[in-house]
Amino acid sequence: MTPLGSGQEVGRSCHLLTFRGTTLLLDCGIHPGYDGMAGLPFFDRVDPEQVDVLLITHFHLDHAASLPYFTERTGFKGRIFMTHPTKAVIRLLLGDYIRLTQMRKGASGDVSPDDVLYTEAELQSCVDKIELIDYHQTIDINLPSGLKFHALNAGHVLGAAMFFIEMGGRSVLYTGDYSMEEDRHLMAAELPKYHASPDVLIVEATYGVQVHASRAEREARFTGTIERIVTGGGRCLIPVFALGRAQELLLILDEYWQEHPHLQSIPIYYASKMASRALRVYQTYSNMMNARIRSQMDLGNPFSFTHIRNLKSIDVNNFDDRGPSVVFASPGMLQSGVSRQLFDRWATDPKNGVLIAGYAVEHTLAKEIMSQPKEVVTMEGRRQPLNALVDYVSFSAHVDFVQNRDFITSVNPRNIILVHGAKEEMGRLKGALMMNYNKLPENKRPTIAMPPNEVEVKLIFTRRRSAKVMGKLAEAPAEDNDDTIANQNNNKIAEPREGDAVRGILVTQQNSSKVVAPEDLSTYTPLRVGSVSSRLHVPFVGKIETLRMFLNEMFRGIDELQDASMDDGEDDVEGEGVVTFSMHGGQVKVTAGQTKGVATVEWDCSSVGDVIADSVVALIMHAQSSAASIRLTGRPCAHRRKKQREEEGGEEMDPEKTTEEHLRALHQALKDQFLCVEATYEAHKGTFEVKIDAAFNDGIGDDKDGEEDDGALVCVATVEFEDGLESTAKITVESEDEKLASNVRACLQNVAAASA
């Protein structure tokens, strides 16, 4: 982290933050005490093209006024974020800043190109690039470091934000200017809830170890000083910025005038070209203010003042100031504009007074007159005596020491970087914080740095090796002997213990890892569980019974679903309708009969499903290619039947020829399964001698007479067809080995059934 501004000073807040290839710029202000280029942050220390994101905390000039210069006159191509009210007010304030700059240079008669930081056109171009963020809205930037951030209410002024930044597995909280005290229209800053302690806290040190008086005491002093001046016939000048603390002071004074009728004849002026537009902005965003203002908005506009007159334009030379009056005029540092012109005109009269109501930056006239000098220099360069009363009552919405210390303690950061404070005040705050942390063990004390401008603070972080267990995996049901805790649904769950095994999917995204169950992926990650289904159309012209036989020989637990309703009488196979075979729990399905000449294989793609689908396709092809299958799956021949020939007066067909073909098909089927098969044919009878090696029969069967000397097992099967009936046969199987006999019998029965 490198301060490009507000390092051991107040003004031109701008901080360069880099981590794991990501570059951020936090705020982009100017120094009110310097003119033109001299008031810019030290932009020469950064390559604008490398800046990914620029965050603006609020609309004050010392935090935002150099933004158009950086976006329009450098190579910056990143993204800009700020809250809705901040963007609305920035357009007004920076337009007024351009006008005041031109007015000041016009009065001096010496305008240098370097003094014009940007034009109206460049300001509008810059505003068009701004992206908006709401409080508590998380913006996730698609960068390798996993940059994301969200805004928190910072108090201070309307729309002011802190930024909680996460990148590369680490977190940074940047407070900007913040206030822990609720006032007449703004809420106090909020603590970053629901987050672990940030690794780095970049916090303001504006007031160092100073402690503010109570709000009631400050208000009494403020109104009392004004009343004393105006009742003495004097004029009271209150230099303020057009937006911010001005609205708070106007609320206080309008209420005081309402309660004191004797003062109501004395006018109060709010001299600002932006007065009416500024109050419209406040009215628009009243929902972002405190409960007091929101309740008043139901009855009327609390910013529609009774005793305060808006002056859109004021000619100081012709302004009627013969009687007592109170004038709020900008800018707040008295560097130029109406406030400076009125000061120059009223400073010599001892009845008049100047009331500084906010923080005065070094090298400004507001800071200079707080030391009560005898003389001051006017805008024209002439010296004149300072006889008017100068008083200071702080309504600056910055934390004092107690509020700052308590906030830092609550946040509990591991590293603290102090910014936005004079060197002496910052040094005192650092010393006070170190004394406070001396009570802790050394390994628990945070580091504290207060770098000057352009001095880098380097913090080294090791990569975290941890993962969060989320969802169902973190809510295992409790056993009887488990220590239990209640989840968000008040269900008893087992408290995790060291050494417990966790099985799930490890998801690492942008340096953050989590372990979740597959069904929780869509809840806790951007991932979704999907599946790929495949469908393959395989040519198949055989019988469904043949396919059924082959599948049952290969797989167990096949579920079969037959849909006869889809039988169209033409395309179905054997008139069985559509038959679907399901394997492996329904993950692989074979459908036959739906389309003529085609079997459809469907499966969910997986390592197991793909293997089963491959084997099913091979079975379908084999069921049509083996010699036995070709015979068994062929359609009935076109020869005329015996009855048909008799009716036509023809000769009777030869039954022996048909019987022999059946016997040879049986012989081929046995050879396909057992390899060594000898056959003998006698008329309508076939005898098949099957020999197998005993070693391949898993040791079943002892050395009996049926086992030959060469270690082979023998089985004799006889198939005899009845005279004249080629479809009815008697099968006899004999073997000393029961397992071999059973296998041969099953083979013959399956072939017979398939050819029926």
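Keep in mind that this is a model prediction, so the values were computed, not measured. As a basis for the values below, the full set of heavy atoms in this structure was taken, side chains included, without hydrogen atoms, waters or symmetry mates.
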Nearest heavy-atom neighbours spanning [X] and [Y]:
| X | Y | result |
| --- | --- | --- |
| Gly597 | Val541 | CA-CG1, 4.4 Å |
| Ala161 | Tyr135 | CB-CE2, 4.1 Å |
| Ser197 | Asn412 | CB-O, 2.9 Å |

Using side-chain heavy atoms (C-beta onward) and a distance below 4.5 Å, is [X] in contact with [Y]?
| X | Y | result |
| --- | --- | --- |
| Arg414 | Leu459 | no |
| Val578 | Gln562 | no |
| His584 | Trp603 | no |
| Ile505 | Leu527 | no |
| Thr595 | Thr600 | no |
| Leu26 | Phe163 | no |
| Val200 | Met1 | no |

- Message: Would you say that more than 12 heavy atoms from the other residues, nucleotides or ligands in this model lie under 6.0 Å from the NZ of Lys129, or not?
- Response: yes

Is there a side-chain hydrogen bond (donor to acceptor under 3.5 Å, both in side chains) between Asn743 and Gln673? Walk through the geometry before answering.
CA-CA 10 Å; Asn743 290 341; Gln673 184 162 343; 5.8 Å; no

Flag the pair Phe581 / Phe555 as yes when their ring centroid distance falls below 6.0 Å, and as no otherwise.
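Not under 6.0 Å, so no.
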
Practice problem: Keeping the roles fixed (side chain from Ser171, backbone from Asp199), state whether a donor-acceptor pair exists under 3.5 Å. | Solution: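 Side chain of Ser171 to backbone of Asp199: a pair is present.
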
Would you compute the distance between atom [atom1] of [X] and atom [atom2] of [Y] and round it to the nearest 0.5 angstrom?
| X | Y | atom1 | atom2 | result |
| --- | --- | --- | --- | --- |
| Thr462 | Arg170 | OG1 | CZ | 5.5 Å |
| Leu740 | Ile692 | CG | CD1 | 4.5 Å |
| Asp672 | Cys747 | CG | SG | 8.5 Å |
| Ile133 | Thr138 | CD1 | OG1 | 7.5 Å |
| Lys514 | Asp520 | NZ | CG | 11.0 Å |
| Glu689 | Cys715 | CD | SG | 9.5 Å |

Would Leu24 and Met167 satisfy side-chain contact (heavy atoms from CB on, under 4.5 Å), going step by step from the backbone distance to the final call? CA-CA 11 Å; Leu24 279 80; Met167 58 180 175; 3.7 Å; yes

| query | Which one of Arg535, Lys589, Gln587 satisfies the side chain to side chain donor-acceptor pair (under 3.5 Å) criterion with Glu602? | reply |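 Passing option: Arg535.
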
Note to self: Check the orientation of Phe164 and His150. Use parallel for under 30°, tilted for 30 to 60°, and perpendicular for over 60°.
What the structure shows: parallel

*asked:* With salt bridge (Lys or Arg N to Asp or Glu O under 4.0 Å) as the criterion, how do Arg548 and Glu545 come out once you've worked through the C-alpha distance, each side chain's angles and the decisive distance to 0.1 Å?
replied: CA-CA 5 Å; Arg548 182 183 292 114; Glu545 182 61 36; 2.5 Å; yes

